[in-house]
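To start, the structure under review is shown below, and the notes come after it.
Every chain is numbered from 1, with letters handed out A, B, ... down the list of sequences.
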2 protein chains.
Amino acid sequence: MASARKLGAQNSKTRDALIKATTQVMIDEGYAAVTTRRVAAEAGVNPALVYYYFATMDELFLEVFRRGAEANLERQRQSLSAERPLHALWEVSTGPFGAKLLMEFMALANHRKDIRVEIARYIERFREIQQAAFTFLLRAQGVNVDDMPPVLLSIMLGSFASILVNEQTLGIELGHAELTAFVERLIAGLEPPTPNSERT
Amino acid sequence: MASARKLGAQNSKTRDALIKATTQVMIDEGYAAVTTRRVAAEAGVNPALVYYYFATMDELFLEVFRRGAEANLERQRQSLSAERPLHALWEVSTGPFGAKLLMEFMALANHRKDIRVEIARYIERFREIQQAAFTFLLRAQGVNVDDMPPVLLSIMLGSFASILVNEQTLGIELGHAELTAFVERLIAGLEPPTPNSERT
DNA sequence: GTCTATACTTCGATAGAC
DNA sequence: GTCTATCGAAGTATAGAC
């Protein structure tokens, strides 16, 4: 494992396909379904190529996580510069990578230390950025930060998105309508539509 | 798999040890670490005994889940008849089975249909019971159910407990103090200490 | 870069002695 | 009820031809 073997180019098309395929398998069937052969089949390439591009399966997992994390941070960045940042952010959080993949990685992290560290760093980074943005946002709305600290808003929204997405996978709906309504009321109060903003 | 082989008694001590060992391995290292040999070693019994007591590994997982679920429902029942039900319930929710094991099972459910159904049923049952109890509790406190529907309170507390416990595993603390304070304020408001209740 | 072939390990599951 | 022994399948990973 992890020998001095040379690896293929970072910008290879096949490498991209493997990362994409792994992501898909994780979302569809969970991390335990990710095997050399399964991923190669999904990507439509030869199984041996996995080891041409990645030293170990763990490296593949890490790369999938990094890609997803960066993509998510980028989506977050765009949300924060949108007309109504909180609304845009909520859309992103309830999307596919926002919660479903993250739960898979958290479960995976339970017995892979390298991955655990990477995930922890990402979540903290994600939350710090939101905290900074929310600080301005709430101040602009005249919200008292003792009633609603920015970091609290961040962790609450993240936790709500997570439970909604993951329970939806199980086919659970009980309480979801109420929670969604609550979130919409909350962010509408913190971020009323401006006169010249388009309707939703 | 799942042949007509006869299984050992349900009340066997060895069987209990296997269930307990599996639970522990899942909490410590995640469901992917659960193998015939690993579980047997943890329980201090011979690996072949796993198949004497369970038809398949999936059956073992299901039994672990059912045990944990029943134990949790029982703890919930006791909480609801405590002096301050919300406070007691919050304690239980942030305990070991409340969130950590549940996440493992949700991840496991991603590629095992039988388990998915069982988990969905359990969560709904759990939430329905809370909803019923909270309906009385909130009414007694004169809370308007339009502001705080009982099922919303249930799903919110569950989601908060989940994020706190699971992030704690990763060593994340950012926002946790604020969230904990928020929950304590929330449930203290809904459930003020009665004159003759002991101090906490 | 991509393929075939294969070494090595571990897993789930069973058979049968005790 | 518990043990040893083992089978077949599937996993990670590598070597080497093309």
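By the side-chain contact (heavy atoms from CB on, under 4.5 Å) test, A33(A) is found to be paired with V25(A), E29(A), residues two or more places apart in sequence or in another chain being considered. P85(B) meets the side-chain contact (heavy atoms from CB on, under 4.5 Å) test with L80(B), L137(B), E191(B); sequence neighbours excluded.
Rounding to whole angstrom units, NZ of residue K13(A) and P of dT2(C) are separated by 11 Å. As rounded to whole Å, 10 Å separates atom P of dT4(C) from atom CG of L49(A). Atom-to-atom, CG of N46(A) to C1' of dC3(C) comes out at 5 Å; the value is rounded to the nearest Å. Summarising the geometry, the separation between OH on Y52(B) and P on dC18(C) is reported as 19 Å, rounded to the nearest angstrom. When the P atom of dT12(D) is taken as reference, atom CE of M57(A) falls 5 Å away, rounded to whole Å. The nearest whole Å value for the distance from the CZ atom in F61(B) to the C1' atom in dA13(C) is 15 Å. Rounded to an integer number of Å, the gap from F54(B) CZ to dT2(D) P is 12 Å. What separates OH of Y53(A) from P of dT14(D) is a distance of 17 Å, to the nearest Å.
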Only pairs under 3.5 Å count here: list side-chain donor-acceptor contacts from residues 114-125 of chain B, not counting sequence neighbours, and write none if there are none.
unit_1	atom_1	unit_2	atom_2	d
E118(B)	OE2	R66(B)	NE	2.7
Y122(B)	OH	N72(B)	ND2	3.1
R125(B)	NH2	E70(B)	OE2	3.4

Which pairs of donor and acceptor atoms, one on a side chain in residues 176-186 of chain B, lie under 3.5 Å apart (sequence neighbours left out)?
unit_1	atom_1	unit_2	atom_2	d
H176(B)	NE2	E167(B)	OE1	2.7
T180(B)	OG1	H176(B)	O	2.8

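Taking the six-membered ring where the residue is Trp, the centroids of F160(A) and F160(B) are separated by under 6.0 Å.
Each of P47(B) and L7(B) was assigned the nucleotide of DNA chain D with the nearest heavy atom; the assignment lying further toward the 5' end belongs to L7(B).
Hydrophobic cluster membership for L174(A): V151(B) (Ile, Leu, Val, Met, Phe, Trp, Tyr linked by side-chain heavy atoms under 4.5 Å, directly or transitively).
Listed in residue order, the members of residues 14-45 of chain A having a heavy atom less than 4.0 Å from DNA chain C are T14(A).
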